[in-house]
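A short write-up of the structure that comes next.
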Amino acid sequence: MLNPINPSSPSDGYRGRFAPSPTGPLHAGSLVTALGSWLDARQNQGQWLLRIEDLDTPRCIPGADQEIQRQLLACGLAWDEDLTWQSIQQERYQKALERLNQLQTIYPCACSRKAIENTLEAQGVITPRNQEMVYPGTCRPERIMTYEGIANRLNDAAWRLALPPHLAIEFEDLALGKQCQELNQEVGDFVLRRRDGVFTYQLAVVVDDAEQGITHIVRGADLLSNTARQIHLQELLGYPTPNYLHLPLVLDEYGEKLSKQTLASTIQTKTKQQALNTLRKAGAHLGLRDLPDGNGISIAEWLLAATHAWNRKITFS
Ligand code: GLU
């Protein structure tokens with residue numbers, strides 16, 4: 001029997017989180033993220049928060065947030081503190097956008113996707129499949145000013161962040177090591193609030209991670225290419241930059257990331273044995289070794305063994 005992780009050892013103030021979008025129940029990929037972030041928090045005697053990222057309402061499925069909570073609890077992945085929903089934090093995001101407006105770093109953009117595609121095509125720029133288009137700067141004014149009444153300007157323009165030239169953002173990923181992204185070349189001025197008034201993931205995640213005092217972000221490697229943008233926003237808004245750890249993705253038989261779009265199936269957690277099997281598969285994906293095989297042990301015991309076995313130096317295959 002393993003000793004419990006020492007609850008009295010001094011915590012470094014670690015605060016982690018799991019931030020699913022309620023676009024469906026958890027699948028094998030999202031459970032890996034939940035488990036990895038939970039284990040990292042627990043091994044470091046930290047807090048683990050649950051935040052439902054439900055800003056993109058057309059993609060949200062009613063009831064999915066309830067199902068996600070049920071699945072997490074069935075797997076013994078309990079969160080600390082009250083869970084939060086992004087949809088009730090609009091004022092926070094508006095304030096951050098206003099702050100960036102005061103800093104003269106945002107501008108309105110009326111380009112449609114098609115218009116951006118056409119401009120890039122005319123410039124001979126080819127965007128590889130699965131990659132975002134680098135905004136060609138069509139609407140960017142010569143000199144950015146502070147705009148009046150941006151809160152009320154809905155449905156006429158998106159708001160983009162104006163990047164300074166030559167912006168290479170470097171950071172150390174706790175699993176993947178040194179990372180670097182040149183934002184102008186790889187992303188371009190990116191959207192903070194869409195034309196339909198919805199605040200984008202980039203802005204909301206940065207504001208919430210700061211407001212919730214998150215110190216460690218453990219999430220899937222599909223979000224790695226978003227991290228430099230988020231660090232730049234943190235710097236502009238005067239927020240601390242948390243530690244980042246990106247986890248290996250679960251791919252389907254075609255090598256695609258599991259998602260609602262690829263019709264990934266829901267994890268099975270109805271019985272204790274199903275939940276343990278699901279956890280074991282997620283643990284194996286995270287490279288956890290020598291864990292009890294799940295017969296005759298409780299979920300709490302398995303999770304304790306997994307917390308001892310957790311190692312940030314994961315092998316990416
Ligand atoms: N809501 C995002 C997703 O489900 C994750 C956000 C994050 O962990 O930064 O993909």
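This is a predicted model, so every value here is computed, not measured. The figures that follow rest on heavy atoms only: side chains count, while hydrogens, waters and symmetry mates do not. When a ligand or atom number is given, it counts from 1 through the structure's own listing order.
The salt bridge (Lys or Arg N to Asp or Glu O under 4.0 Å) contacts involving residues 18-31 comprise nothing, where partners must be two or more places apart or lie in separate chains.
Here Tyr201 has side-chain heavy atoms under 4.0 Å from ligand 1, and that is the only part of it that gets that close. For Leu223, every heavy-atom contact with ligand 1 shorter than 4.0 Å involves the side chain, none the backbone.
Of all the atoms in ligand 1, the ones that sit under 4.0 Å from a non-hydrogen atom of Arg219 are 7 (C), 8 (O), 9 (O). Every atom of ligand 1 is numbered from 1 in the order shown, and the set under 4.0 Å from a heavy atom of Val205 is 9 (O). Counting the atoms of ligand 1 from 1 in the order shown, those under 4.0 Å from a heavy atom of Ser21 are 1 (N), 2 (C), 3 (C), 4 (O).
Only one option out of Gln47, Gln212, Glu81 pairs with Arg15 in a side-chain hydrogen bond (donor to acceptor under 3.5 Å, both in side chains); it is Glu81.
In summary, Lys178 and Asp173 do not engage in a salt bridge, as defined by a charged side-chain N under 4.0 Å from a carboxylate O. In this structure, Arg229 does not pair ionically with Glu186, as no charged nitrogen and carboxylate oxygen lie closer than 4.0 Å.
Between the side chains of Ser37 and His216, no donor N or O sits under 3.5 Å from an acceptor N or O.
Note that Arg160 lies outside the cation-pi zone of Phe190, set by a 6.0 Å cut-off to the ring centre and a 45° limit from the axis.
Nearest protein heavy-atom contact of atom 5 (C) of ligand 1 is Ala19 O, 3.3 Å. For atom 8 (O) of ligand 1, the nearest non-hydrogen atom of the protein is Arg17 NH1, 2.6 Å.
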